[in-house]
Amino acid sequence: MAQSQPVPEAAPSAAPVDPAVSTVEPVQDTPSSSIEDIVVTATRRAERLQDVPIAVTAIGGSQLASAGVTDIRQLTAVVPGFNGGRNFAVMQPVIRGVGSTGITLLDESNVAVYIDGIYQPNSYTTMLELVEVERVEVLRGPQGTIFGRNATGGLVNVITPDPKHDFRGKVVGSYARFGGANDVNLRGYVTGGLSDTVAMDLAVVYRHNGGYIDDLVNGGQIGRTSYFDVRSKLLFEPSDNVEIVLTLGYANSEDFAANAVQPYENNARGRAFPGNILASRPYQASLNLEPFMKFDRYNAALKVSTDIGFANLESTTAYTRSSIDQQSDSDASNILLAQNEIHPQSEAYSQEFRLLSGGGGPFRWIAGLYAFRQTGEALVNVITSAGPPAPVNRTVINASGSTTAFAGFAEGTYALTDRLELTVGARYSDEKRDMTAGANGRIFVDDVDTSFSQLTYRGSLKYDLSPTANVYASYSTGFKSGVFNTYSVSPVPTDPERIKALEVGFKADPLSWLRTNAAIFKYVYDDLQVTARDQNGTAYILQNAAKADIWGGELEVTAMPTPDLSIRVAASYNKATYDEFPLAQVYVPLPAGGNQTAALDVSGNDLIRAPRYTLNLGVGYGFDLGGGRVQLSGNLFHSAKVFHDFLNIAVQDAYSLLNAEIAWTDAAQRVRVALFGSNLTDARVAQQITPGPVGTYLSYEKPLRVGASVQLNF
């Protein structure tokens with residue numbers, strides 16, 4: 001089965017470690033200064049990264065650990081053009097300026113998240129901790145052909161290892177401090193054979209940290225979080241040409257920090273009322289409730305791969321169920337003006353069949369069928385007040401809906417000459433959405449439905465300049481169907497969003513120890529689906545921005561000039577602007593606090609969460625000491641300013657993050673101990689800034705964090 005093939009990793013990333021997620025393999029007895037090949041499944045079959053004619057960043061498990069990447073959002077620091085956006089506890093990734101801001105039921109992100117090639121539809125529960133991973137692939141640009149749904153901006157594919165018959169395992173524990181809070185992280189992985197044809201594995205993570213946000217109303221600290229995730233795979237190989245993998249997983253998260261917001265630049269309507277207490281410094285909160293976000297996620301998948309001679313037949317069946325409870329204070333003050341409680345739950349089923357050509361020859365192809373069904377319901381409790389002594393108003397919204405999608409796709413690559421390859425592919429998608437919604441016991445939208453269909457396509461040419469260098473050009477399209485706003489009582493869906501993308505790239509390994517990949521791109525992005533607060537500041541509205549223009553480029557350089565030294569540089573430039581957006585719902589700050597809602601033309605402004613440039617520099621150095629090996633690593637990430645609103649007045653200024661680690665592994669490769677630090681400059685970085693009528697709120701990424709870890713391999 002193509003996706004289960006072992007993946008050699010490149011030279012160790014020169015970046016900081018969170019050792020609690022370390023998947024560091026045993027230290028090489030004789031370090032090599034050559035950069036190994038990376039195998040990816042970006043085209044749904046195993047291919048060398050350097051041979052794939054699209055922009056892909058693939059990072060192996062040990063490199064993720066070296067980069068301190070514990071969840072998908074933190075890929076921001078190592079993947080050019082990627083921004084791990086977040087709104088409260090909802091994952092909102094952005095790639096090259098393309099990303100969703102929707103948080104309502106059944107509104108899926110247009111940067112798709114996959115685990116082992118299986119689509120994860122719920123944006124509330126894709127804040128994934130990377131428990132035990134083989135690699136993560138980030139595909140930049142629309143992937144509307146063989147991946148399809150909601151990959152307008154690209155996708156993130158987390159590949160976890162399949163069970164092995166050889167017994168191995170590890171346990172990792174770390175302890176850290178940040179903002180006065182304890183951070184405890186325990187992880188374990190074990191795999192082994194149960195018989196000649198059956199193997200099994202088990203991956204577990206438990207993470208807990210105390211509160212680190214000062215509660216100005218009640219005293220003490222809020223913001224504690226805990227996370228538990230367990231995943232197990234069962235591998236069954238009944239014959240040489242059949243492989244079956246069953247995956248079961250469960251995750252539970254309790255996050256009291258994600259919704260702990262404070263006013264941005266003192267902008268809160270609550271400051272006009274007697275008795276107000278405003279948070280004025282980072283990591284403070286003054287709220288009239290304790291915010292939280294909790295979820296439970298269950299998932300199961302069955303993958304079957306059969307070699308039928310002329311081709312490989314693959315079947316993937318998947319199920320996921322999620323339940324969320326969220327409570328937030330929308331005005332970021334201790335004065336009750338706006339707050340909400342959201343309780344969505346959903347179930348999703350998917351089935352995909354793929355037929356991949358086998359053998360050699362000049363023509364490779366893939367064809368498939370895909371079906372998806374998601375249902376959900378939500379209870380939204382909206383509480384508003386004009387401020388004391390005005391009465392409190394309560395609106396209870398009940399919504400339910402479903403999404404049904406079918407698609408067929410095919411893609412083929414033909415070697416026109418020994419050096420020139422042509423790839424052409426297409427996908428036809430048909431989607432139906434329906435919604436029922438009411439408020440305070442009255443039905444306002446009764447089973448309305450809408451349908452969308454679209455043909456997306458891709459074509460590329462790749463030319464080998466030499467055995468170690470190639471250039472490519474591709475043209476591709478993407479599509480996300482229209483959606484209903486299930487947190488309102490509007491029967492009108494948004495229009496679909498569509499994107500057309502041109503990309504030209506260069507991939508080369510000019511020396512055995514040097515790799516250089518570069519790409520430039522140009523997008524035309526129509527009918528962007530965007531979100532804003534309503535006039536009460538609690539519910540959300542959905543609208544379409546008319547058009548955006550995006551262009552830029554990326555460069556990734558990996559070097560290992562000596563066996564002990566590794567260097568990685570990743571840089572991006574991205575100019576992403578609204579080409580036409582004449583009636584954007586915007587918020588203009590008022591002198592007394594709060595914002596005036598207006599519809600203004602923001603054409604020419606930058607897209608949100610799309611910094612003009614980013615830079616990542618990682619350096620690692622290792623040497624032998626005390627019967628083992630010492631590894632020093634450091635990672636510097638710098639970002640230009642990041643806008644968070646259509647007017648471009650809610651802004652995170654340019655910032656830098658510095659992480660570092662020193663680790664020692666014994667010669668027997670059984671023990672690894674480390675000291676590590678993240679955000680060593682203690683930078684104050686906003687993870688979200690959200691304007692609304694009652695004010696503009698923000699929350700921060702975590703402050704300076706230092707700790708130690710021990711890993712035992714067996």
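Starting from 1, each residue takes its place in the sequence as its number.
Contacts of Ala367 classified as side chain to side chain contact (heavy atoms under 4.5 Å, CB included), with partners at least two apart in sequence or in another chain: Ala410. Partners of Tyr349 under the ring-ring contact (aromatic ring centres under 6.0 Å, His included) rule, at least two apart in sequence or in another chain, are Tyr319. Judged as a side chain to side chain donor-acceptor pair (under 3.5 Å), and not counting sequence neighbours, Asn299 has no contacts. Annotation: ring-ring contact (aromatic ring centres under 6.0 Å, His included) contacts of Tyr523 (sequence neighbours excluded): Phe521. In terms of the salt bridge (Lys or Arg N to Asp or Glu O under 4.0 Å) criterion, Arg498 has no residue partners (sequence neighbours excluded). Under the ring-ring contact (aromatic ring centres under 6.0 Å, His included) criterion, Tyr114 pairs with Tyr119, Phe147, not counting sequence neighbours. Residues that satisfy the side chain to side chain contact (heavy atoms under 4.5 Å, CB included) test with Ala508, not counting sequence neighbours, are Ala469, Phe506, Pro510, Thr516. Every residue meeting the ring-ring contact (aromatic ring centres under 6.0 Å, His included) condition with Tyr298, not counting sequence neighbours, appears here in chain and number order: Tyr250. In this structure Ser476 satisfies the side chain to side chain contact (heavy atoms under 4.5 Å, CB included) test together with Pro142, Arg458, Ala501, sequence neighbours excluded. Residues satisfying the side chain to side chain contact (heavy atoms under 4.5 Å, CB included) criterion with Ala415, sequence neighbours excluded, are Pro362, Glu421.
Here the side chain of Arg135 pairs a donor or acceptor atom with the backbone of Val39 at under 3.5 angstrom. Checked by atom type and distance alone, the side chain of Thr306 never pairs as donor or acceptor with a backbone atom of Ile308 at under 3.5 Å. Between the side chain of Lys480 and the backbone N or O of Gln529 there is no donor-acceptor pair closer than 3.5 Å. Side-chain atoms of Arg568 come within 3.5 Å of backbone atoms of Val78 as a donor-acceptor pair (strictly under, hydrogens ignored). Checked by atom type and distance alone, the side chain of Asp201 never pairs as donor or acceptor with a backbone atom of Ser232 at under 3.5 Å. Between the Thr456 side chain and the Gly144 main chain, a donor and an acceptor come within less than 3.5 Å of each other. For Lys233 (side chain) and Ala199 (main-chain N/O), no donor-acceptor pair under 3.5 Å exists by modelled atom type.
One side chain, Thr57 or Glu556, offers a donor N or O that lies under 3.5 Å from an acceptor on the other. Defined by atom type and a distance below 3.5 Å, a donor-acceptor pair is missing between the side-chain atoms of Asp37 and Gln50. Looking only at atom types and distance, the side chain of Glu497 has a donor-acceptor partner in the side chain of Asn110 under 3.5 Å away. A donor-acceptor pair shorter than 3.5 Å cannot be found between the side chains of Ser481 and Lys432.
Nearest approach of Ser123 to Asp107, heavy atoms of both residues: OG-O, 4.1 Å.
A ring-ring contact (aromatic ring centres under 6.0 Å, His included) check over residues 452-478, counting only residues at least two apart or in different chains, returns nothing. Among residues at least two apart or in separate chains, salt bridge (Lys or Arg N to Asp or Glu O under 4.0 Å) pairs with a member in residues 459-476 are Lys462-Asp464.
Because its NZ or CZ atom is not both nearer than 6.0 Å to the ring centre of Tyr370 and within 45° of the ring axis, Arg354 does not count as a cation-pi partner of that residue.
Counting only heavy atoms from C-beta outward, the side chains of Thr152 and Tyr525 approach each other to under 4.5 Å. Counting only heavy atoms from C-beta outward, the side chains of Asp71 and Met91 never approach each other to under 4.5 Å.
Here the options are Glu137, Glu352, Glu411, Glu314, the test is salt bridge (charged side-chain N to carboxylate O under 4.0 Å, His left out), and the partner is Arg44; only Glu352 passes.
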